[in-house]
Trainee: 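One structure is given below, represented as structure tokens, and several questions about it will come after.
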Amino acid sequence: MTDQNPPRQGMIGRRTLLKALGVTGVAAATGAAARTGTAAAAPTLHDVIIIGAGFAGITAARTLREQGISSVVLEARGRIGGRIWTSTLAGQQVELGGQWIAESQALAMAELNRYGIPLVGDPDAFPTISYYPTTGGPQTFDFLSANEHFGTLLNKLFEGSTSYFPRPEDPLYARDLVARVDQLSLRSRIDQLGLSTQDRMWLEGYTNAYAGGDSSTRGLTSMAQWWALGGHTHAGWDAQTATRPQGGMTALLTRILRDAAPDLRLNSPVTTISDTGTQVNVTLRSGSTLSARTVIVAVPANIWRTLRFTAGLPAVHSAATNYGLGVPNVTKFWFRTSGSSGRVFASGKPGDPISLLLPQRVLSTGDVLSVGFSENASLDVTSRSAVQSALQRIAPGVTLLEHAYAPWGRDPYSLGAWGMRGPNQLLAQLPAIQQPHGRLAFATGDIATGWHGAYIDGAIESGIRAARQALAQL
Ligand SMILES: Cc1cc2nc3c(=O)[nH]c(=O)nc-3n(C[C@H](O)[C@H](O)[C@H](O)COP(=O)(O)OP(=O)(O)OC[C@H]3O[C@@H](n4cnc5c(N)ncnc54)[C@H](O)[C@@H]3O)c2cc1C
């Protein structure tokens with residue numbers, strides 16, 4: 001254990017653990033020498049440094065703690081959570097990043113069960129009025145019939161997914177069939193469907209929202225895998241945005257953090273990661289350097305390109321970060337709108353400044369709280385009047401009273417929103433992007449196998465994997 005985090009009683013000792021893991025040779029010997037050496041004034045050599053306190057990093061810290069290994073977590077922001085951010089609007093708890101968890105997400109569900117946190121729904125999320133785009137502008141539609149029609153469009157988009165993703169938790173299982181769809185962007189897949197102008201508007205407006213604005217930049221395989229993981233059905237798809245953890249995402253993460261009990265250092269942005277071959281030196285923007293036997297890089301994939309890796313990055317990591325696995329331009333909003341407008345659902349067409357409006361809750365005043373998304377980099381998200389006009393482009397008559405927003409694409413510590421593969425990236429990246437590089441392991445939902453990118457389930461998966469990889473280095 002490091003001097004800063006003495007072991008708790010009852011934890012497995014390091015030597016016992018190494019024996020249990022069958023780790024011998026240089027790494028183990030190096031560790032013993034560092035502990036018993038005579039250089040009393042030598043800087044602390046930590047077992048593991050984790051860079052990033054999102055779901056991936058904190059899950060990794062807890063996995064290490066469960067094996068008796070303490071960690072130092074260096075987090076750039078003044079808060080934990082990264083791309084989850086539980087905030088408030090109109091006195092209500094709102095999620096400006098990740099929000100929903102579905103029962104099909106086994107790892108996230110295991111966390112909720114472990115901590116006794118129930119999933120809750122939002123009965124006010126059923127709209128009283130819904131707008132969809134037409135060639136003549138947004139029109140009202142009966143929500144249930146329109147949603148059913150939308151389901152037929154999604155079924156067309158993902159037709160064949162039961163063949164190419166028969167085991168969706170293992171996206172490479174049917175590799176030969178996957179090879180045929182991996183090259184397709186969402187837009188090129190839509191091109192194959194021969195849709196009417198209006199159907200195309202509906203579907204591409206929606207896929208653009210997922211893709212951060214442009215369906216040609218993101219592969220079919222990400223969305224299709226999420227569809228498959230939800231059971232290859234429209235109902236399974238809709239369930240992914242229907243329930244949330246009681247108390248919010250940060251409450252869940254805080255419970256994991258409590259068990260992880262790392263030496264958490266907020267406001268500690270890392271700039272340089274230097275793997276010497278026997279240890280890793282991590283330099284902060286402040287200029288101070290910490291050292292560890294192994295480091296878990298638990299920042300978003302888009303952030304790798306902003307860090308200096310003195311030993312370089314593998315080609316697959318460089319390609320992914322330079323492409324930007326995290327989709328660009330996304331701003332997530334919460335709106336308080338006048339109750340007289342109703343509980344409004346609205347879906348935009350390609351190019352609209354706001355792509356989706358989803359009612360969530362009715363306040364005691366009658367005002368409505370809704371979630372919204374924009375992928376338009378030129379929208380002034382800070383301006384109520386600009387946002388009000390943007391909203392009215394998809395939902396005429398909606399009166400905006402107040403809004404909160406998180407422009408993830410401009411956030412220096414995410415440089416994008418959820419992760420989503422580009423065309424040809426599934427076969428090119430998995431599993432190489434999950435492998436350690438020297439004494440570095442990589443953790444982020446962006447590179448998960450199952451619920452990758454847009455789900456904390458994948459962040460948890462990657463945190464557990466990276467912690468195991470780090471343990472093998474000790
Ligand atoms: C708008 C939006 C909506 C979403 N909706 C959902 C949803 O409904 N359900 C769901 O399950 N998931 C959702 N997701 C996805 C989910 O939030 C992410 O997959 C998950 O939070 C990623 O966790 P992570 O640990 O991989 O990365 P992050 O949460 O981004 O954590 C990485 C951490 O690294 C830190 N960091 C970055 N650079 C540095 C540095 N130089 N030095 C030190 N620290 C650094 C960051 O500050 C951050 O805390 C959504 C994401 C977004 C953006």
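Side-chain atoms are counted along with the backbone in the values below, which use heavy atoms only and exclude waters and symmetry mates. Whatever order the structure lists ligands and atoms in, that order sets their numbers, starting from 1.
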Trainee: Compute the ring centroids of F165 and F158, then answer whether they are less than 6.0 Å apart.
Mentor: no

Trainee: With salt bridge (charged side-chain N to carboxylate O under 4.0 Å, His left out) as the criterion, how do D352 and R393 come out once you've worked through the C-alpha distance, each side chain's angles and the decisive distance to 0.1 Å?
Mentor: CA-CA 7 Å; D352 277 340; R393 291 262 302 269; 3.8 Å; yes

Trainee: Under 4.0 Å, heavy atoms only, figure out whether ligand 1 is touched by the backbone of I303, its side chain, both or neither.
Mentor: side chain

Trainee: With a 6.0 Å cut-off on ring centres, are Y210 and W237 close enough?
Mentor: yes

Trainee: Between the candidates K332, R244, E75, which shows the shortest non-hydrogen contact distance to atom 46 (C) of ligand 1?
Mentor: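 It is E75 whose heavy atom sits nearest to atom 46 (C) of ligand 1.
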
Trainee: Taking 4.0 Å as the limit for heavy-atom contacts, which would you say applies to A443 with ligand 1: side chain only, backbone only, both, or neither?
Mentor: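 None of A443 does.
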
Trainee: Look only at interatomic distance and state if I51 has a nitrogen or oxygen under 3.5 Å from any nitrogen or oxygen of ligand 1.
Mentor: no

Trainee: Has L307 got any heavy atom lying under 4.0 angstrom from an atom of ligand 1?
Mentor: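 Distance cut 4.0 Å: L307 passes for ligand 1.
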
Trainee: Which residue and atom name correspond to the protein heavy atom nearest atom 6 (C) of ligand 1, and how close is it?
Mentor: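 So the nearest neighbour among protein heavy atoms is G98 CA, 3.2 Å.
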
Trainee: Tell me whether ligand 1 is touched by A454 - counting only heavy atoms on the residue side and a distance under 4.0 Å.
Mentor: yes

Trainee: Atom 11 (O) of ligand 1: which protein heavy atom is closest, and how many Å away?
Mentor: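 Ranked first by proximity to atom 11 (O) of ligand 1 is I456 N, 2.8 Å.
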
Trainee: Among all protein heavy atoms, pick the one closest to atom 23 (O) of ligand 1 and tell me residue, atom and distance.
Mentor: A459 CB, 3.6 Å

Trainee: For the CG atom of D47 and the CD atom of Q67, what is their distance to the nearest 0.5 Å?
Mentor: 13.0 Å

Trainee: Which is closest to atom 52 (C) of ligand 1 in terms of heavy atoms, W418, F373, F333?
Mentor: W418

Trainee: Less than 3.5 Å apart, any donor N or O on the side chain of R421 or T221 sitting next to an acceptor on the other?
Mentor: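 Note: R421 and T221 side chains meet the donor-acceptor criterion.
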
Trainee: In terms of ring plane angle, is the pair F442 and F309 parallel, tilted or perpendicular, where the classes change at 30° and 60°?
Mentor: tilted

Trainee: Taking distance alone, with N or O pairs closer than 3.5 Å, would you say G81 contacts ligand 1?
Mentor: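 Yes, G81 has an N/O under 3.5 Å of an N/O on ligand 1.
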
Trainee: Near T444, which atoms of ligand 1 are under 4.0 Å from a heavy atom of that residue?
Mentor: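 Contacts of ligand 1 toward T444, numbered from 1: 26 (O).
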
Trainee: Aromatic rings F333 and F335: how do their planes relate, parallel, tilted or perpendicular, breaks at 30° and 60°?
Mentor: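 If you compare the ring of F333 with that of F335, the planes turn out parallel.
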
Trainee: Can you tell which part of W100 has a heavy atom less than 4.0 Å from ligand 1: side chain, backbone, both or neither?
Mentor: both

Trainee: Would you say Q435's side chain and P431's backbone share a donor-acceptor pair under 3.5 angstrom?
Mentor: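 Flag set: sc Q435 to bb P431 pair under 3.5 Å.
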
Trainee: Is any side-chain heavy atom of R465 less than 4.5 Å from a side-chain heavy atom of T449?
Mentor: yes

Trainee: List every atom of ligand 1 that sits less than 4.0 Å from any heavy atom of A417, numbering the atoms from 1 in the order shown and giving each element.
Mentor: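 Contacts of ligand 1 toward A417, numbered from 1: 53 (C).
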
Trainee: Quick check on contacts: which atoms of ligand 1 are under 4.0 angstrom from a heavy atom of P269?
Mentor: 42 (N)

Trainee: Can a non-hydrogen atom of G458 be found less than 4.0 Å from any atom of ligand 1?
Mentor: no

Trainee: Please check whether V330 reaches ligand 1 - meaning an N/O of the residue sits under 3.5 Å from an N/O of the ligand, judged on distance alone.
Mentor: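 Between V330 and ligand 1 (N or O atoms, distance only) the closest approach is not under 3.5 Å.
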
Trainee: Does the side chain of S274 come under 3.5 Å of the side chain of T310 through a donor N or O and an acceptor N or O?
Mentor: yes

Trainee: Is any N or O atom of Y413, backbone or side chain, closer than 3.5 Å to an N or O atom of ligand 1?
Mentor: no

Trainee: Taking the six-membered ring of Y115 as reference, does the NZ or CZ atom of R255 fall below 6.0 Å from its centre and within a 45° cone about the axis?
Mentor: no

Trainee: Look at ligand 1 and say whether G453 reaches it with a heavy atom at a distance under 4.0 Å.
Mentor: yes

Trainee: Tell me which protein heavy atom sits closest to atom 7 (C) of ligand 1, plus the residue, atom name and distance to 0.1 Å.
Mentor: Q99 N, 3.2 Å

Trainee: Identify, by atom number and element, the atoms of ligand 1 in contact range of A56, meaning under 4.0 Å from any of its heavy atoms.
Mentor: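 Near A56, the atoms of ligand 1 are 25 (O), 26 (O).
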
Trainee: Hey, does A76 come in under 3.5 Å of ligand 1, counting only N/O atoms on both sides?
Mentor: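 Such a contact does occur with ligand 1.
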
Trainee: Which residue from A298, G52, G82 reaches closest to atom 32 (C) of ligand 1 through any of its heavy atoms?
Mentor: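 Looking at heavy atoms only, the winner is A298.
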
Trainee: With a 4.5 Å cut-off on side-chain heavy atoms, are V362 and R343 touching?
Mentor: yes

Trainee: When you measure from atom 22 (C) of ligand 1 to every protein heavy atom, which one gives the shortest distance, and what is it?
Mentor: R83 NH2, 3.9 Å

Trainee: Mind running salt bridge (charged side-chain N to carboxylate O under 4.0 Å, His left out) on E375 and R218 for me, showing each step along the way?
Mentor: CA-CA 14 Å; E375 303 77 43; R218 299 293 146 174; over 6 Å; no

Trainee: Could you tell me, atom by atom, which parts of ligand 1 come under 4.0 Å of a heavy atom of F55?
Mentor: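 Listed by number with element: 25 (O).
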
Trainee: What orientation do F150 and Y132 show, parallel under 30°, tilted 30 to 60°, or perpendicular over 60°?
Mentor: tilted

Trainee: Name all residues meeting the side chain to side chain contact (heavy atoms under 4.5 Å, CB included) criterion together with N376; count only those two or more places apart in sequence or in a different chain, and write none if there are none.
Mentor: P353, S374, S378, L379

Trainee: Would one find an N or O of D457, backbone or side chain, under 3.5 Å from an N or O of ligand 1?
Mentor: no

Trainee: Purely on distance, is any nitrogen or oxygen of V270 under 3.5 Å from one on ligand 1?
Mentor: yes

Trainee: Ignoring hydrogens and geometry beyond distance, is a side-chain donor-acceptor pair present between T86 and E95 at under 3.5 Å?
Mentor: yes

Trainee: Which residues pass the salt bridge (Lys or Arg N to Asp or Glu O under 4.0 Å) test with E402, not counting sequence neighbours?
Mentor: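 E402 satisfies salt bridge (Lys or Arg N to Asp or Glu O under 4.0 Å) with R336 only.
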
Trainee: Which heavy atom of the protein is the closest neighbour of atom 39 (C) of ligand 1, given with residue, atom name and distance?
Mentor: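 Going atom by atom, the protein heavy atom closest to atom 39 (C) of ligand 1 ends up being V299 CG1, 3.6 Å.
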
Trainee: Regarding Q240 and Y455, is there a side-chain donor-to-acceptor distance under 3.5 Å anywhere?
Mentor: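 The answer is yes; a qualifying pair exists.
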
Trainee: Run the numbers for me: atoms of ligand 1, each under 4.0 Å from some heavy atom of G54, listed by number.
Mentor: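 Contacts of ligand 1 toward G54, numbered from 1: 25 (O), 29 (O), 31 (O), 33 (C), 49 (O).
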
Trainee: Examine the proximity of ligand 1 to L74 and report which part, side chain or backbone, both or neither, has a heavy atom under 4.0 Å away.
Mentor: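 Backbone only.
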
Trainee: Are any of the N or O atoms of L96 closer than 3.5 Å to those of ligand 1?
Mentor: no

